[in-house]
Number of protein chains: 2
Amino acid sequence: MKQSSICPRFEKAVALLSHRWTALIIYQLLSGPKRFCTIESSIAISGKVLSERLKELEHHGIVKRKVFPETPVRIEYSLTEKGLAFAPVLKEIEEWSQTWMSIEE
Amino acid sequence: MKQSSICPRFEKAVALLSHRWTALIIYQLLSGPKRFCTIESSIAISGKVLSERLKELEHHGIVKRKVFPETPVRIEYSLTEKGLAFAPVLKEIEEWSQTWMSIEE
DNA sequence: AAACTAACTTACATAAAGTAACCAAAGGGG
DNA sequence: CCCCTTTGGTTACTTTATGTAAGTTAGTTT
């Protein structure tokens with residue numbers, strides 16, 4: 001019997017983080033709005049997966065998408081309040097990694 | 001050009017979390033040592049993936065494995081100091097999820 | 001000896017992610 | 001008008017990760 005007595009909100013948050021790149025995308029956006037191609041070249045993600053992740057994050061209300069009808073079109077992705085509230089999580093991961101994670105291997 | 005200017009320790013920590021179940025396994029072990037079958041039934045993970053994750057976490061020095069040569073054999077998994085230090089990360093995820101994550105959808 | 005238990009492992013199936021090529025809209029140049 | 005460029009994608013196909021179910025090993029109970 002597979003029963004989970006774990007809080008479903010917590011499980012959902014963990015599931016979100018367990019998608020590759022999600023945390024790094026939020027991390028990149030913490031320093032301000034970014035364009036698709038900027039995010040794409042700042043982490044080793046493929047365009048396909050980046051567009052999937054951005055849709056997913058937008059759907060969860062973590063990221064918002066703003067279209068500037070210039071030429072060529074410019075689209076900026078930024079964090080919502082919900083996304084900004086994620087900062088402490090990333091800060092703790094960063095602190096833990098500085099103390100405990102080794103570079104080798 | 002795919003360059004990452006992100007700290008490799010941070011990237012490694014995020015990569016670890018981006019493996020499904022990793023965070024939930026650590027979360028389960030925060031409340032004390034647990035056996036294989038106990039973890040297996042407390043989250044919806046398959047035995048195969050659980051044994052992979054435990055090996056991975058052991059390899060990273062986050063989890064330790066102790067064999068009790070009783071009969072039938074009993075094996076306990078527990079967190080190392082490195083694993084226990086991960087608690088604040090999970091606590092922040094939990095807090096974020098309580099405030100921002102909705103149950104529906 | 002047959003059945004049971006814990007902790008795995010193996011073989012096979014499906015889902016997620018990576019790669020590379022292609023597409024659409026909005027100019028710009030000739 | 002036709003061809004070229006740019007951004008922000010999508011599509012088709014391959015590889016990797018995860019899921020499912022059955023099998024394995026070692027010792028125990030019936």
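In what follows, every chain begins at residue 1, and chains take the letters A, B, ... in the order their sequences are listed. Note that this is a predicted model, so its numbers are computed, not measured.
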Atom-to-atom span, [atom1] of [X] to [atom2] of [N] - whole angstrom:
X     : N      : atom1 : atom2 : answer
A/I39 : D/dT7  : CD1   : P     : 14 Å
B/R35 : C/dC8  : CZ    : C1'   : 14 Å
A/L50 : D/dT10 : CG    : P     : 11 Å
A/L54 : D/dT7  : CG    : P     : 16 Å
A/I75 : C/dA25 : CD1   : P     : 13 Å
A/K34 : D/dT7  : NZ    : P     : 17 Å

Value rounded to 0.5 Å, distance of CG in B/L24 from CG in B/L50: 11.5 Å
Counting only side-chain heavy atoms from C-beta out, which of D/dG8, C/dT5, C/dC8 sits nearest to B/R65? C/dC8
Sugar-phosphate means primed atoms, P, OP1 and OP2; the rest is base. With that split, encode nucleotides 14-21 of chain C 5' to 3' as B, S or - using protein heavy atoms under 4.0 Å. ---BBB--
Taking all non-hydrogen atoms of both residues into account, name the closest pair between A/V73 and A/R35 and its distance. O-NH2, 3.9 Å
Taking only side-chain nitrogens and oxygens of B/K55, does any of them come within less than 4.0 Å of OP1 or OP2 of C/dT9? yes
How about A/E58 and A/Y77: does a side-chain donor come under 3.5 Å of a side-chain acceptor? no
Given 3.5 Å as the limit, does a donor-acceptor pair link the side chain of A/W100 with the main chain of B/G83, or not? no
Test your reading of the model: is there a side-chain donor-acceptor pair from A/T38 to the backbone of A/K34, 3.5 Å cut-off? no
Contact nearer the 5' end of DNA chain D, comparing A/S51 with A/V73: A/V73
Taking the inter-plane angle between the rings of A/F10 and B/Y27 on a 0 to 90° scale, is it parallel (under 30°), tilted (30 to 60°) or perpendicular (over 60°)? tilted
